[in-house]
Participant: 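Once you've had a glance at the structure underneath, I'll fire off some questions.
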Amino acid sequence: MGDMRPTVKDVAKLAGVSPKTVSNVINGVVFVRPETRARVESALAELDYVPNMSARGLRNGRSGMIALALPDLLRPYSAEIVHLVVELAHDRGWGVQIEQTASEPNREFQLLSKARAYLVDGLILNPVNLDDSAVMSAGPLPPVVLIGDVDQDVVSQVAIDNVAAARDMTRHLLAKGCRRIVAVGTPEVPRGSSGEGVLVGSAESPGTAASRLRTTGYCEALEEAGVPVDPALRIPLDRWRPEGAATVVAKYLTEHELPDAFFCFTDSMASGTLSALWGAGVDIPGQTLVAGFDNILESQFMIPPLTTIDFDRRAFVAAALDLLEERMADKNAPPRRVMIPHRVIERASTAR
């Protein structure tokens with residue numbers, strides 16, 4: 001065949017079947033007898049056949065691909081989301097293109113351009129801040145669904161109630177007798193401010209949407225319990241990674257009295273906090289308690305096993321794909337928001 005790209009007809013000829021049968025095998029939506037499928041798949045492999053997605057898109061307006069963009073693929077939470085999106089999208093006959101936005105709006109703009117050019121059929125985005133997201137300034141949008149914490153009504157979205165979840169975890173720690181609870185991963189408190197005059201959920205407050213919402217829930221629980229909201233009990237951290245948390249918590253321990261508990265806004269930061277406490281010879285839960293957020297797979301294997309906020313990750317991803325399918329079928333459908341319930345999972349790190 002020289003340098004020519006093999007076609008469906010070439011595959012059909014080699015496998016001894018019709019081009020329609022080859023298409024049925026490739027698309028995976030029509031039953032094909034196992035022996036016939038095996039012949040077609042063998043011919044596909046022998047010819048190194050690659051579907052011409054551009055031509056397919058011209059015929060039916062679909063590429064069969066969606067894109068998933070997350071801000072930080074190094075986070076264990078991101079890995080779990082990617083795994084589920086790929087698995088559940090495959091069940092719908094979709095391929096998935098994975099992108100890392102690194103919180104840069106330009107990368108979101110590039111993905112939106114790909115969708116407009118029909119290189120992907122739809123996008124699942126996880127912006128960390130609404131003001132910086134391309135969704136708010138990119139003009140007419142292709143099918144897009146947001147996952148995560150930004151508050152908007154432009155496109156469909158799947159989220160959990162971060163304020164309520166953080167409030168519930170803080171209540172859990174308060175019920176254990178804790179009063180001096182350090183929050184790890186909060187936004188920076190503006191210089192010259194006591195922290196009490198800053199509306200944490202406001203646009204004037206720095207940090208990501210998640211950090212603002214979780215700080216709001218933390219403060220609300222303290223206030224309802226009559227515990228003073230002390231800015232000295234907040235540890236700001238822009239990049240929510242374990243190494244960053246280990247560094248800032250270790251520094252905090254050298255400058256402050258050991259608090260009753262640490263509430264880390266992700267399990268990854270909790271793992272770094274546990275490391276810093278271990279390095280300082282602090283017993284957990286004997287001397288202080290540690291809690292996280294997200295219930296990543298590793299949280300149950302930390303030492304001690306980590307108390308955390310859990311939500312049904314599979315239901316979260318399935319809802320996002322459902323919403324995306326709705327948008328792909330009808331771009332003019334009104335946006336919907338689906339909220340996934342959460343719960344506190346108590347483990348040994350707060351077992352007092």
Side-chain angles (χ1 to χ4, degrees), residues 65-92 94-104 107-108 110-111 120 122-129 133 144-150 157-160 162 165 169 184-185 208-211 213-214 237-247 264-275 290-303 305-324 338 340-343 345 347 349:
M65 295 290 295
I66 64 171
L68 168 67
L70 300 173
D72 185 358
L73 294 177
L74 274 177
R75 290 176 57 190
Y77 171 81
S78 296
E80 293 183 22
I81 293 296
V82 168
H83 166 75
L84 285 169
V85 169
V86 170
E87 177 184 329
L88 297 182
H90 177 78
D91 293 343
R92 301 172 189 239
W94 300 343
V96 183
Q97 176 181 332
I98 310 298
E99 298 283 354
Q100 177 173 275
T101 58
S103 307
E104 295 181 13
R107 297 191 183 184
E108 291 187 8
Q110 292 169 7
L111 288 172
V120 293
L123 309 174
I124 298 176
L125 301 179
N126 183 196
V128 297
N129 265 318
S133 175
V144 176
V145 169
L146 300 190
I147 57 174
D149 312 302
V150 297
Q157 180 175 1
V158 182
I160 68 168
N162 277 271
M169 182 57 79
V184 181
T208 65
S211 69
L213 293 169
R214 293 176 192 182
L237 192 59
D238 288 336
R239 297 183 70 80
W240 284 3
R241 290 183 177 174
E243 62 271 25
T247 299
C264 306
F265 287 174
T266 67
D267 289 353
S268 293
M269 287 191 290
S271 71
T273 298
L274 290 170
S275 176
V290 178
F293 198 115
D294 286 335
N295 194 29
I296 61 173
L297 179 63
E298 291 85 349
S299 65
Q300 61 189 306
F301 303 111
M302 293 178 188
I303 300 176
L306 183 67
T307 294
T308 185
I309 293 290
D310 177 53
F311 62 95
D312 188 333
R313 212 90 80 233
R314 181 173 288 269
F316 183 89
V317 169
L321 293 173
D322 286 343
L323 291 176
L324 187 61
V338 175
I340 303 299
H342 67 273
R343 59 176 179 149
I345 293 186
R347 298 192 179 109
S349 68

Participant: Distance check, rounded to the nearest 0.5 Å: Leu73 atom CG versus Ile81 atom CD1?
Facilitator: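 Going from the CG atom of Leu73 to the CD1 atom of Ile81 covers 12.0 Å.
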Participant: Hey, which of Leu321, Val158, Val144 is the one that makes side chain to side chain contact (heavy atoms under 4.5 Å, CB included) with Ile124?
Facilitator: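 Checked Leu321, Val158, Val144 against Ile124; only one passes side chain to side chain contact (heavy atoms under 4.5 Å, CB included): Leu321.
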Participant: Report the residues that fulfil side-chain contact (heavy atoms from CB on, under 4.5 Å) with Ala210, sequence neighbours left out, ordered by chain and then residue number.
Facilitator: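 side-chain contact (heavy atoms from CB on, under 4.5 Å) check on Ala210 returns Asp149, Thr208, Arg214, Trp240.
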Participant: What do you reckon, is CG of Leu297 surrounded by more than 12 foreign heavy atoms closer than 6.0 Å?
Facilitator: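 Yes, because the 6.0 Å sphere around CG of Leu297 holds more than 12 heavy atoms from other groups.
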Participant: Could I get the full list of ring pair (Phe, Tyr, Trp, His ring centres under 6.0 Å) partners for Phe316, not counting sequence neighbours?
Facilitator: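 Result, ring pair (Phe, Tyr, Trp, His ring centres under 6.0 Å) vs Phe316: Phe311.
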Participant: Roughly how far, to the nearest 0.5 Å, is CD1 of Ile303 from OG of Ser275?
Facilitator: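 Between atom OG of Ser275 and atom CD1 of Ile303 there are 11.0 Å.
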Participant: Less than 3.5 Å apart, any donor N or O on the side chain of Arg347 or Asn295 sitting next to an acceptor on the other?
Facilitator: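 Yes, Asn295 and Arg347 have a side-chain donor paired with an acceptor closer than 3.5 Å.
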Participant: Is it the case that the side chain of Thr247 and the backbone of Glu243 share a donor-acceptor pair, with hydrogens and angles ignored and the cut-off at 3.5 Å?
Facilitator: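 Judged by distance alone, yes, a pair lies under 3.5 Å.
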Participant: Could you state the interatomic distance from CD (Glu99) to CG (Leu70), rounded to the nearest 0.5 Å?
Facilitator: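 Interatomic distance, Glu99 CD to Leu70 CG, rounded to 0.5 Å: 10.5 Å.
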Participant: Do you know the tightest heavy-atom contact between Phe293 and Asp267?
Facilitator: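 Heavy-atom minimum between the residues: N-OD1, 2.7 Å.
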Participant: Partners of Phe265 by ring pair (Phe, Tyr, Trp, His ring centres under 6.0 Å), sequence neighbours excluded?
Facilitator: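 Per chain and number, Phe265 pairs via ring pair (Phe, Tyr, Trp, His ring centres under 6.0 Å) with Phe263.
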Participant: If you compare all heavy atoms of Ala245 against all heavy atoms of Leu237, which two are closest, and at what distance to 0.1 Å?
Facilitator: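 Taking Ala245 first and Leu237 second, the nearest heavy atoms are N-CD2, 3.6 Å.
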Participant: Could you walk me through whether Thr308 and Gln300 pass side-chain contact (heavy atoms from CB on, under 4.5 Å), step by step?
Facilitator: CA-CA 9 Å; Thr308 185; Gln300 61 189 306; over 6 Å; no
Participant: Determine whether Pro341 and Asp312 make a side-chain contact, defined as any pair of heavy atoms from C-beta on separated by less than 4.5 Å.
Facilitator: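 Side chain of Pro341 against side chain of Asp312, heavy atoms only: no contact under 4.5 Å found.
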Participant: Could you give the distance from CD1 (Ile340) to CD1 (Ile147), rounded to the nearest 0.5 Å?
Facilitator: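 Reported value, rounded in 0.5 Å steps: 11.5 Å.
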Participant: Side-chain contact, heavy-atom cut-off 4.5 Å: Gln157 with Leu323?
Facilitator: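 Result no, sub-4.5 Å side-chain heavy-atom pair not found.
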Participant: Say you draw a straight line from OG of Ser299 to CD1 of Ile345; how long is it, rounded to the nearest 0.5 Å?
Facilitator: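 That separation rounds to 7.0 Å.
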Participant: Test of understanding: with side-chain contact (heavy atoms from CB on, under 4.5 Å), list the residues that count as partners of Ala318, not counting sequence neighbours.
Facilitator: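 In terms of side-chain contact (heavy atoms from CB on, under 4.5 Å), with neighbours along the sequence ignored, Ala318 is linked to Leu88.
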Participant: Do Thr266 and Arg75 have side-chain atoms, one donor and one acceptor, less than 3.5 Å apart?
Facilitator: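 Their side chains do not contain a donor-acceptor pair, so the 3.5 Å distance test is not met.
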Participant: Looking at every non-hydrogen atom in both residues, tell me the closest pair between Val150 and Pro127 and how far apart they are.
Facilitator: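 In terms of heavy atoms, the two residues are closest at CG1-O, 3.5 Å.
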Participant: Search all heavy atoms of Arg313 against all heavy atoms of Asp294 and return the closest pair with its distance.
Facilitator: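 Between these two residues, the closest heavy atoms are NH2-O, 2.6 Å.
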Participant: So, taking the atom named CG in Leu146 and the one named CG in Leu324, what distance separates them when rounded to the nearest 0.5 Å?
Facilitator: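 Reported value, rounded in 0.5 Å steps: 11.0 Å.
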Participant: Only counting residues at least two apart or in another chain, list the ones meeting side-chain contact (heavy atoms from CB on, under 4.5 Å) with Asp322.
Facilitator: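 By the side-chain contact (heavy atoms from CB on, under 4.5 Å) rule, Asp322 matches Arg92.
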Participant: Do Asp72 and Gln100 have side chains that get closer than 4.5 Å, going by heavy atoms?
Facilitator: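 Contact flag for Asp72/Gln100 side chains = yes.
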Participant: Write down the atom of Val290, the atom of Leu306, and the distance for their closest heavy-atom approach.
Facilitator: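 Closest pair (atom of Val290, atom of Leu306, distance): O-CD1, 3.7 Å.
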Participant: Looking only at heavy atoms, which two atoms of Ala270 and Gly292 are closest? And how far apart?
Facilitator: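 Of all heavy-atom pairs spanning Ala270 and Gly292, the closest is CB-CA, 4.2 Å.
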Participant: Taking side-chain contact (heavy atoms from CB on, under 4.5 Å) as the definition, give me every residue that meets it alongside Ser271, ordered by chain and number, with sequence neighbours left out.
Facilitator: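 Counting only residues at least two positions away or on another chain, Ser271 forms a side-chain contact (heavy atoms from CB on, under 4.5 Å) with Pro242, Met302.
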